[in-house]
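Please read the structure below before turning to the comments.
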Amino acid sequence: MLLRQLEPRTARTTAEVIKFALWPLAVMTVLNRVFIKAVNGFITDDFKPVYNASLAFLNHRPVYTANYDLVDPHYLYPPSGTLLIAPLALIDPEKSRWCFILLNAAAIILAWYLLLKLFKFTLSSMAAPILLLAMFSSETVINTLVFTNVNGCVLLAEVVFIMLLLTRRDLWAGAILGLSIAVKPTLAPLVLIAAARGQWKVFYTAIGVPLALTAIAWPLSADPDKFFTRTARYLSDPRDYFNSAIVGNAAYYGLPLWLTWGIRILMGVLVLISLWLLYRYYRDDELFFVATASGVLMTAEFLLNSLGQMYYSMMLFPLLMSVVLRNSVMRNWPAWLAVFGFMSYDKWLSDRWQGLGRNVEYLRITFGWGLLLIVIACVLGDRYLAARREGRLQFGIDPEWMRSPESPDAVVAAPHRVAADSAAHVDTADDDPIVNGRETEESELRGEPQASAVK
């Protein structure tokens with residue numbers, strides 16, 4: 001069956017042309033990123049301090065000994081994370097690094113597959129090669145593999161958590177989130193989504209798993225208390241290098257404290273407005289609500305916290321994938337201008353315009369995250385104001401054209417129009433090539449089998 005799929009043949013539809021063109025590009029891009037760029041490495045090496053900390057832990061030596069006055073990568077994981085990653089030091093550093101690269105690459109590919117499944121696409125759809133190529137062309141995936149850090153596994157944990165949350169498997173969802181938090185607390189804000197949905201059992205395992213792992217790691221570590229007395233304090237202090245959060249760039253450019261806090265508060269207000277509108281009007285639209293709310297929370301964390309780095313943007317893939325939803329907040333060009341800012345692998349440093357190039361390169365991530373939050377708040381706010389003006393808030397804030405014909409709200413809001421459209425469809429659909437063409441394109445996009453056109 002696999003060999004038959006690989007058999008060269010001429011494409012007959014637009015969907016096949018796209019798939020035949022993009023699959024080779026996607027596969028070769030993945031191979032290049034994993035086996036060439038990642039193995040070659042870079043000056044920045046996130047794996048070396050992780051390996052050294054794992055080796056120190058296994059030999060019961062102090063782990064949290066980094067000199068935080070230097071700008072080299074530091075070991076920043078808590079004792080629970082040290083316990084989980086300690087097996088990395090059982091083999092020599094080079095082979096251990098290769099294994100860690102493969103682990104993260106596999107995690108990213110599995111997250112890609114689960115994202116397709118989450119949004120009801122198949123491997124035979126056009127979306128499959130498009131998403132795979134986009135992911136492995138992004139800065140966040142490339143530098144995660146090249147710098148060799150754990151973000152690929154964190155992305156997988158996020159996608160699995162979302163899927164388990166949507167299927168109401170609360171304890172397992174919390175366990176996955178707890179494992180992620182035990183290593184790196186990046187996904188911790190996602191517990192707010194579980195709270196908004198009333199899935200309180202998530203908290204049992206999301207809190208219990210890292211606490212249990214910390215309890216196990218504590219007597220096995222030589223200096224576990226140093227994480228809380230030294231490392232946590234370092235993490236809470238904003239630094240002015242390799243930091244795209246508002247406070248990081250504000251410190252680098254010397255902005256006054258009042259202006260820095262003013263920008264943070266303003267962006268925080270936009271985040272609260274977006275979250276309130278999502279909670280008030282989209283809780284029942286589960287996939288849209290969870291994908292969008294997770295993106296808002298993650299972006300807010302990167303932008304408003306004390307530390308935000310560009311490759312954290314990997315956690316926004318569920319939000320970006322939501323563009324396939326009819327009411328997605330990503331269906332506009334400013335949203336994708338923002339995405340370019342924090343996802344593009346391009347460098348804007350210029351030999352001719354050095355000052356301008358440096359500023360664009362250093363600020364594009366911060367501006368990208370900020371613009372994305374502004375776009376989401378404006379899209380949701382505009383829908384709310386339009387719905388209030390038209391007196392249809394009781395039916396939700398999506399415009400009428402966004403609602404599916406089967407939606408009870410749409411039928412109540414416009415019964416005559418729905419009936420008329422249905423009658424027109426019965427009369428003309430069989431003979432309308434445009435209607436049939438749209439159905440065919442949508443099925444091809446999702447990789448669904450087509451019925452024969454021969455009667």
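Numbering of residues begins at 1 and proceeds along the displayed sequence.
Remark: side-chain polar atoms of T292 are not paired, donor with acceptor, to backbone N or O of F289 under 3.5 angstrom. N243 contributes no side-chain N or O that, together with a main-chain N or O of Q309, makes up a donor-acceptor pair within less than 3.5 Å. Listed for the R169 side chain is no donor-acceptor partner under 3.5 Å among the backbone atoms of L164. For R264 (side chain) and L304 (main-chain N/O), a donor-acceptor pair under 3.5 Å exists by modelled atom type. Judged purely by atom type and a 3.5 angstrom limit, T82 uses its side chain to pair as donor or acceptor with the backbone of P78. Remark: side-chain polar atoms of K184 are not paired, donor with acceptor, to backbone N or O of N151 under 3.5 angstrom. Judged purely by atom type and a 3.5 angstrom limit, S236 uses its side chain to pair as donor or acceptor with the backbone of R233. With hydrogens and angles ignored, the 3.5 Å screen pairs a side-chain donor or acceptor of R392 with a backbone N or O of D398. With hydrogens and angles disregarded, a donor-acceptor distance shorter than 3.5 Å links the side chain of N332 to the backbone of V329. In this structure a side-chain-to-backbone donor-acceptor pair under 3.5 Å is present from W336 to M330.
Considering only heavy atoms from C-beta on, F302 comes within 4.5 Å of L316 through its side chain. Using a 4.5 Å cut-off on side-chain heavy atoms (C-beta onward), L115 and F317 make contact. Between F57 and P79, the closest side-chain pair of non-hydrogen atoms is not below 4.5 Å. The side-chain heavy atoms of R383 and M402, taken from C-beta on, include a pair separated by under 4.5 Å. Contact annotation: the side chain of R197 never approaches that of R283 to less than 4.5 Å [non-hydrogen atoms, C-beta and beyond]. Using a 4.5 Å heavy-atom threshold, the side chains of T231 and Y75 count as separate. Side-chain contact between L320 and M343 is present, with at least one heavy-atom pair separated by less than 4.5 Å. Using a 4.5 Å heavy-atom threshold, the side chains of L213 and L179 count as touching.
Aromatic ring pairs are classed by plane angle as parallel below 30°, tilted from 30° to 60° and perpendicular above 60°; the pair Y234 and Y68 is parallel. In this pair, Y384 and W276 present their aromatic rings perpendicular. The plane angle is above 60°, beyond the 30 to 60° band.
A salt bridge links E286 with R168; the closest basic N to acidic carboxylate O contact falls under 4.0 Å.
In summary, of the residues considered (L187, N104, T144), a side chain to side chain contact (heavy atoms under 4.5 Å, CB included) with V154 occurs for L187 alone. Screening L257, T260, I263 against V247 for a side chain to side chain contact (heavy atoms under 4.5 Å, CB included) leaves a single residue, T260.
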* Carefully, step by step, assess N249 and T366 under the rule side-chain hydrogen bond (donor to acceptor under 3.5 Å, both in side chains). => CA-CA 8 Å; N249 269 321; T366 310; 2.5 Å; yes

* Under the side chain to side chain contact (heavy atoms under 4.5 Å, CB included) rule, what do L165 and I162 come out as? Steps first, then yes or no, please. => CA-CA 5 Å; L165 196 70; I162 289 174; 5.6 Å; no

* side chain to side chain contact (heavy atoms under 4.5 Å, CB included) evaluation trace for M321 with L116 -> CA-CA 9 Å; M321 188 63 184; L116 291 173; 4.2 Å; yes

* To do: Kindly determine whether Y252 and Y241 satisfy ring-ring contact (aromatic ring centres under 6.0 Å, His included), including the steps that lead there.
  => CA-CA 7 Å; Y252 179 82; Y241 62 93; over 10 Å; no

* **Pair S244-Y362, side chain to side chain contact (heavy atoms under 4.5 Å, CB included): steps then yes or no** => CA-CA 7 Å; S244 297; Y362 291 172; over 6 Å; no

* To do: Evaluate the salt bridge (Lys or Arg N to Asp or Glu O under 4.0 Å) criterion for residues K95 and D92: first the C-alpha distance (whole Å), next the side-chain angles of each, then the deciding distance (0.1 Å), finally the verdict.
  => CA-CA 6 Å; K95 291 185 177 62; D92 66 87; 3.7 Å; yes

* W172 vs T205, side chain to side chain contact (heavy atoms under 4.5 Å, CB included): CA-CA, chis, key distance, verdict -> CA-CA 8 Å; W172 282 108; T205 44; over 6 Å; no

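In this structure, CG on D72 lies 8.5 Å from NZ on K48, to the nearest 0.5 angstrom. In this structure, the separation between CG on D285 and CG on L325 is 7.5 Å, given to the nearest 0.5 Å. Note that the OG atom of S96 and the CD1 atom of I85 stand 9.5 Å from one another [nearest 0.5 Å]. With rounding to the nearest 0.5 Å, the separation of CG in L192 from OG in S294 is 12.0 Å. Between the CD1 atom of I142 and the OH atom of Y345 there is a distance of 5.5 Å, given to the nearest 0.5 Å. Going from atom CG of L83 over to atom OG of S221 covers 7.5 Å, rounded to the nearest 0.5 Å.
Taking every heavy atom of both residues into account, D223 and Y64 meet most closely at OD2-N, 3.0 Å. Of all heavy-atom pairs between T214 and S80, the closest is OG1-CB, 3.5 Å. In terms of heavy-atom proximity, V39 sits nearest to R97 at O-NH1, 3.3 Å. Of all the heavy atoms in T44 and P73, the pair that sits closest is CG2-CG, 4.3 Å. When every heavy atom of R331 is checked against every heavy atom of V324, the shortest pair comes out as NH2-O, 3.2 Å. Nearest heavy atom pair, residue H74 against residue N67, reads CE1-O, 3.2 Å.
The number of heavy-atom neighbours closer than 6.0 Å to CG of D284, taken from other residues, nucleotides and ligands shown, is 12 or below. R61 CZ: more than 12 foreign heavy atoms inside a 6.0 Å radius. The environment of CH2 in W348 is sparse: at most 12 heavy-atom neighbours from other residues, nucleotides or ligands sit within 6.0 Å. Heavy-atom contacts from other residues, nucleotides or ligands closer than 6.0 Å to CZ of F203 number more than 12. Taking a 6.0 Å sphere around CZ of F242, one finds it holds 12 or fewer heavy atoms contributed by other residues, nucleotides or ligands.
Judged by the 6.0 Å distance and 45° axis criteria, R280 is not positioned over the aromatic ring of Y282. Annotation: cation-pi pair R364/F367 absent, no NZ/CZ under 6.0 Å from the ring centroid and within 45° of its normal.
Residues T122 and S124 have side chains that bring a donor and an acceptor to within less than 3.5 angstrom of each other.
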